[in-house]
Amino acid sequence: MIVAVASGKGGTGKTTVATSLAASSASAVQLLDCDVEEPNVHIFLRPEIRGSECVTIPVPDVEMEKCNLCRECAEICAYHAIAVLGDQVLTFQELCHGCGGCSLVCPTDAIREIPREIGTVEWGTAGGIDFVHGRLRIGEAMSPPLIRAVKKRIERSRLVIIDAPPGTSCPVIESIRGADFVLLVTEPTPFGLNDLVLAVQTVRELQIPFSVVVNRAGLGDEEVYHYCRDQGIPIDLEIPFDRRIAEAYSRGELLVEMMAEWRVAFQTLLRSIEERAIRGRALHHEVSR
Amino acid sequence: MKIGITSKGRDLDSPVDERFGRAAGFIIVELESMEYEWVDNSQTLSAPQGAGIQAAQNIAQRGVTHVITGHCGPKAFRTLAAGQIKVVVGATGTVREAIEQFRQGKLAVVTGPDKESHWA
């Protein structure tokens with residue numbers, strides 16, 4: 001089973017939930033940090049890194065002797081990474097998504113693909129947890145291919161937990177695509193609610209069963225609860241707004257290591273997720289009935 | 001001499017659009033006769049990325065020697081330069097006023113972009 005932990009809003013507690021979920025699993029577990037722009041799972045797990053690989057995307061390199069300036073490459077590129085002006089072909093490699101369309105349509109075979117480094121994937125172990133994360137090259141904007149490289153290392157025989165990036169755009173879609181279940185972590189504030197609504201719309205579009213974790217419960221107002229009730233969205237766990245939890249976080253400690261009762265709570269959460277995923281008791285199913 | 005001015009509207013009395021790649025459109029004007037045409041840029045305007053590159057390619061096909069706009073970023077500048085098009089920034093007011101300022105030499109051709117990239 002693949003469980004993705006996502007949120008919409010940043011800083012709601014995705015990593016707190018993802019790491020504690022992984023550490024509570026009685027069976028073999030793999031934890032993937034797909035927030036490749038700012039990975040932080042390793043700060044909590046302190047894994048022993050056993051391997052790494054450089055991740056590249058193919059970008060065009062034009063041989064002008066072969067080019068007939070037909071503009072086919074510039075016209076097929078949705079991202080304007082290749083342009084033809086006068087007798088010149090310009091490439092903007094940082095805009096290239098690496099689809100290979102330009103070299104495919106080139107009638108004179110003037111475009112070859114060369115690799116451009118976007119980041120690295122590292123893997124290792126922390127206690128019983130198999131760990132994988134990606135580190136995007138600084139200044140790089142093209143994170144989805146790196147997220148795909150992280151997810152290539154998924155071993156489906158295990159419980160797989162994905163710590164997704166915040167937001168609802170391409171990196172999030174790439175991270176949660178293919179998951180059997182999504183946990184949406186929010187906080188009971190107007191900001192938390194606004195971004196939860198966006199995240200719910202995203203997950204429904206992808207038709208993945210999901211439930212909500214409310215972090216910093218006791219803070220803010222009741223609107224997140226009203227929204228979840230009105231929409232029939234189950235709240236599977238509440239983590240209180242508690243100074244001790246914030247202090248443990250600031251020391252890089254796992255919630256489940258802080259107090260034994262949290263291990264029980266996360267084991268219960270895991271069982272609940274498994275049941276929901278299996279039964280498909282997701283809201284979108286209930287709504288579509 | 002034919003030049004292109006980024007414009008928020010379809011005629012010479014429209015305000016100059018200070019953006020290049022994401023301008024509403026371009027007024028292409030023949031300076032001697034002041035005959036002009038409007039080139040809509042709305043499709044490029046909504047591009048997720050590379051609007052400056054696309055707009056520069058479009059305007060290069062119109063045979064202009066200069067582009068007058070508010071600001072120009074590095075990718076648009078590089079693309080315009082490849083098309084042998086000179087870039088004039090800092091234009092304000094209406095398109096007609098910008099043309100007049102350009103004629104009087106009050107707007108200078110720049111040798112590089114005056115804005116940082118929006119993207120990487």
Side-chain angles (χ1 to χ4, degrees), chain A residues 36-38 55-57 59-60 62 64 67 69-99 101-102 105 110 116-119 135-146 167-174, chain B residues 1-4 6 19-23 25-26 28 39-67 69 72-87 109-113 115-120:
Chain A
V36 300
E37 288 176 66
E38 39 200 350
V55 176
T56 64
I57 59 167
V59 297
V62 184
M64 286 313 296
C67 176
L69 302 169
C70 71
R71 304 184 51 83
E72 294 274 340
C73 54
E75 271 155 34
I76 199 171
C77 184
Y79 302 100
H80 306 115
I82 189 162
V84 182
L85 280 111
D87 59 358
Q88 290 189 52
V89 180
L90 303 181
T91 57
F92 296 86
Q93 298 195 340
E94 69 276 29
L95 298 183
C96 175
H97 286 221
C99 75
C102 55
V105 298
R116 185 174 79 80
E117 185 180 342
I118 57 166
R135 288 178 182 268
L136 194 67
R137 192 178 60 79
I138 290 173
E140 179 61 53
M142 211 62 68
S143 68
L146 182 56
T168 51
S169 63
C170 298
V172 177
I173 307 298
E174 200 59 63
Chain B
M1 185 180 177
K2 215 172 175 187
I3 64 170
T6 52
R19 302 165 302 174
F20 174 72
R22 296 187 192 277
F26 304 94
I28 309 291
V39 177
D40 184 78
N41 193 47
S42 55
Q43 209 182 335
T44 303
L45 174 56
S46 57
Q49 62 176 53
I53 298 164
Q54 184 61 49
Q57 288 183 91
N58 293 347
I59 207 162
Q61 288 174 346
R62 306 278 166 167
V64 302
T65 60
H66 292 72
V67 161
T69 185
C72 184
K75 295 190 193 75
F77 189 88
R78 188 180 152 208
T79 312
L80 288 167
Q84 314 280 319
I85 297 165
K86 295 192 168 62
V87 179
V109 170
V110 290
T111 55
K115 278 276 179 187
E116 284 190 15
S117 174
H118 297 297
W119 187 248

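Naming convention: chains lettered A, B, ... in sequence-line order (proteins, then strands); numbering from 1 in each chain.
- Residues forming a side chain to side chain contact (heavy atoms under 4.5 Å, CB included) with Arg135(A) (at least two apart in sequence, or on another chain): Pro39(A), His42(A), Thr120(A), Glu122(A), His133(A).
- In this structure, Leu85(A) CG and Ile59(B) CD1 are separated by 11.5 Å, a value rounded to the nearest 0.5 Å.
- Note on Ala82(B), Ala60(B), Ala47(B): by heavy-atom pairs under 4.5 Å with chain A, the leading option is Ala82(B).
- Atom CG in Asp87(A) sits 8.0 Å away from atom CD in Gln84(B) (nearest 0.5 Å).
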Inset, instruction - Kindly indicate, with the supporting measurements, whether the criterion side-chain contact (heavy atoms from CB on, under 4.5 Å) is fulfilled by Ile53(B) and Leu95(A). - result: CA-CA 11 Å; Ile53(B) 298 164; Leu95(A) 298 183; 3.4 Å; yes

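- Looking only at side-chain heavy atoms (C-beta outward), His80(A) and Thr79(B) stay at 4.5 Å or farther from each other.
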